[in-house]
Colleague: 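One structure, as structure tokens, below. Some questions next.
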Amino acid sequence: MQPSFPTAAAVTALHDTLLAAREWPASEPAARDQGLWLWIQTNHRFNCLLWAEEDLARRTQVGDAQIAANKRAIDRYNQARNDATERVDELLLTELGLVDPASARTDAPVSTVGAGARLNSETAGSMVDRLSILALKVHAMRAQTERRDVDQAHRNSSAAKLERLQQQRADLSGCLDALLADCRAGRAFFKVYRQFKMYNDPRFNPALVSERQQRRT
């Protein structure tokens with residue numbers, strides 16, 4: 001049985017459906033599978049949580065402690081979003097037969113790409129991540145076109161921006177479908193690129209290393 005691969009249309013439909021759900025992202029529905037779709041949904045959830053925290057972090061009439069809490073949440077959600085993106089790439093490359101499955105989750109996945117395939121600089125997972133962010137932008141900009149506490153000029157400007165965002169999403173969707181088609185045909189491949197977010201790791205962040213050393217003295 002041939003493995004099934006996500007289409008960009010299916011990914012964007014999932015993104016929009018989840019954003020339309022009143023309880024999202026506080027309550028998470030079951031994913032359509034416990035593999036690739038689980039991680040596509042997880043990536044979208046953390047992008048949604050990150051979006052909300054980014055808004056809250058810009059408040060000007062709350063205490064510093066609240067903003068600090070927002071900033072720490074942003075770091076956590078951004079790490080989780082990147083982890084989910086990498087997991088999408090691992091699963092896709094494994095299904096495509098372009099990575100050694102035993103090494104897929106390591107820091108140095110072993111490529112099994114055939115000769116002659118071109119390397120795509122952007123991964124399929126990063127495209128899915130960008131589609132998630134575009135879904136959030138489309139959703140938020142559409143809400144601006146429906147506001148009644150602003151003038152018509154604001155709504156018209158928002159409608160023009162919404163049209164441009166929808167075009168950007170359509171363009172990116174086409175690129176994702178083309179990349180996966182080329183990968184299946186042996187014409188292209190991508191790699192798992194580890195983000196190695198050093199600022200979140202107390203072993204590598206110089207400020208956190210310094211704090212730990214000071215506690216020991």
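Keep in mind that what you see is a predicted model, and the values were worked out from it rather than measured.
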Colleague: Out of curiosity, Asp151 CG to Asn156 CG, how far, rounded to the nearest 0.5 Å?
Modeller: 8.5 Å
Colleague: What's the separation between atom OH in Tyr77 and atom CG in Leu50, rounded to the nearest 0.5 Å?
Modeller: 9.5 Å
Colleague: Are any of the side-chain heavy atoms of Pro109 and Leu93 separated by less than 4.5 Å?
Modeller: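 Side-chain contact under 4.5 Å: no.
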Colleague: Check whether the side chains of Gln79 and Asp83 place a donor and an acceptor atom closer than 3.5 Å, and report yes or no.
Modeller: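 Side chains of Gln79 and Asp83: pair found under 3.5 Å.
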Colleague: In this structure, which one of Val11, Leu18, Thr17 forms a side chain to side chain contact (heavy atoms under 4.5 Å, CB included) with His15?
Modeller: Val11
Colleague: Mind checking whether Pro29 and Gln41 have side chains closer than 4.5 Å, heavy atoms only?
Modeller: yes
Colleague: Any chance the side chains of Ser132 and Asn47 put a donor and an acceptor closer than 3.5 Å?
Modeller: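 Yes, a side-chain donor-acceptor pair sits under 3.5 Å.
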Colleague: With Val88 as reference, evaluate Thr85, Leu92, Leu91 under the side chain to side chain contact (heavy atoms under 4.5 Å, CB included) test and give the passing residue.
Modeller: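 That would be Leu92; it is the only one of Thr85, Leu92, Leu91 passing the side chain to side chain contact (heavy atoms under 4.5 Å, CB included) with Val88.
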Colleague: Without hydrogens or angle criteria, can the side chains of Arg59 and Asn70 be said to hold a donor-acceptor pair below 3.5 Å?
Modeller: yes
Colleague: CD of Glu122 to CG of Asn120: how many Å apart, nearest 0.5 Å?
Modeller: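 The CD atom of Glu122 sits 7.0 Å away from the CG atom of Asn120.
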Colleague: How close do Leu179 and Met127 get, heavy atom to heavy atom, and via which atoms?
Modeller: CD2-CE, 4.0 Å
Colleague: Are Val128 and Tyr193 in one and the same hydrophobic cluster, where Ile, Leu, Val, Met, Phe, Trp and Tyr link if side-chain heavy atoms are under 4.5 Å apart?
Modeller: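 Yes; tracing contacts between hydrophobic side chains, which count when under 4.5 Å, links both residues.
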Colleague: Can Leu38 be reached from Leu49 by stepping across I, L, V, M, F, W or Y side chains whose heavy atoms are under 4.5 Å apart?
Modeller: no
Colleague: Hey, could you give me the CH2/NE2 distance between Trp24 and His44, rounded to the nearest 0.5 Å?
Modeller: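 Answer rounded to 0.5 Å: 6.0 Å.
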Colleague: Report the distance from atom CG of Asp182 to atom SG of Cys175, rounding to the nearest 0.5 Å.
Modeller: 11.0 Å
Colleague: Side-chain heavy atoms nearer than 4.5 Å, only ILVMFWY residues, links allowed to pass through others: does that put Ile133 and Leu131 together?
Modeller: no
Colleague: Mark yes when over 12 heavy atoms from residues, nucleotides or ligands other than Asp64 sit less than 6.0 Å from its CG; otherwise mark no.
Modeller: no
Colleague: So with a 6.0 Å cut-off around CD of Glu163, is the heavy-atom count from everything else above 12?
Modeller: no
Colleague: To the nearest 0.5 Å, tell me how far Cys48 SG sits from Leu19 CG.
Modeller: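 So the SG of Cys48 and the CG of Leu19 are separated by 4.5 Å.
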Colleague: Are the side chains of Gln168 and Lys137 in contact, using a 4.5 Å heavy-atom criterion?
Modeller: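 Heavy-atom side-chain distance check fails, nothing below 4.5 Å.
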Colleague: So, Gln166 versus Arg169: side-chain donor-acceptor pair below 3.5 Å or not?
Modeller: no
Colleague: Apply side chain to side chain donor-acceptor pair (under 3.5 Å) to Asp100 and Thr112, showing your working.
Modeller: CA-CA 6 Å; Asp100 168 55; Thr112 56; over 6 Å; no
Colleague: Does Leu165 share a hydrophobic cluster with Leu172, counting links as ILVMFWY side-chain heavy atoms below 4.5 Å and allowing steps through other members?
Modeller: yes
Colleague: Given the rule that I, L, V, M, F, W and Y join up when any side-chain heavy atoms are under 4.5 Å apart, are Leu96 and Leu36 in one cluster?
Modeller: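 In one cluster: yes.
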Colleague: Take atom CZ in Arg72; do more than 12 heavy atoms of anything else shown fall under 6.0 Å from it?
Modeller: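 Open: at most 12 neighbouring heavy atoms sit under 6.0 Å from CZ of Arg72.
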Colleague: Is Arg194 atom CZ crowded by more than 12 heavy atoms from other residues, nucleotides or ligands, each under 6.0 Å away?
Modeller: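 Buried by this count: over 12 neighbours within 6.0 Å.
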Colleague: Gln144 versus Arg155: any side-chain heavy-atom pair under 4.5 Å?
Modeller: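 Not in contact.
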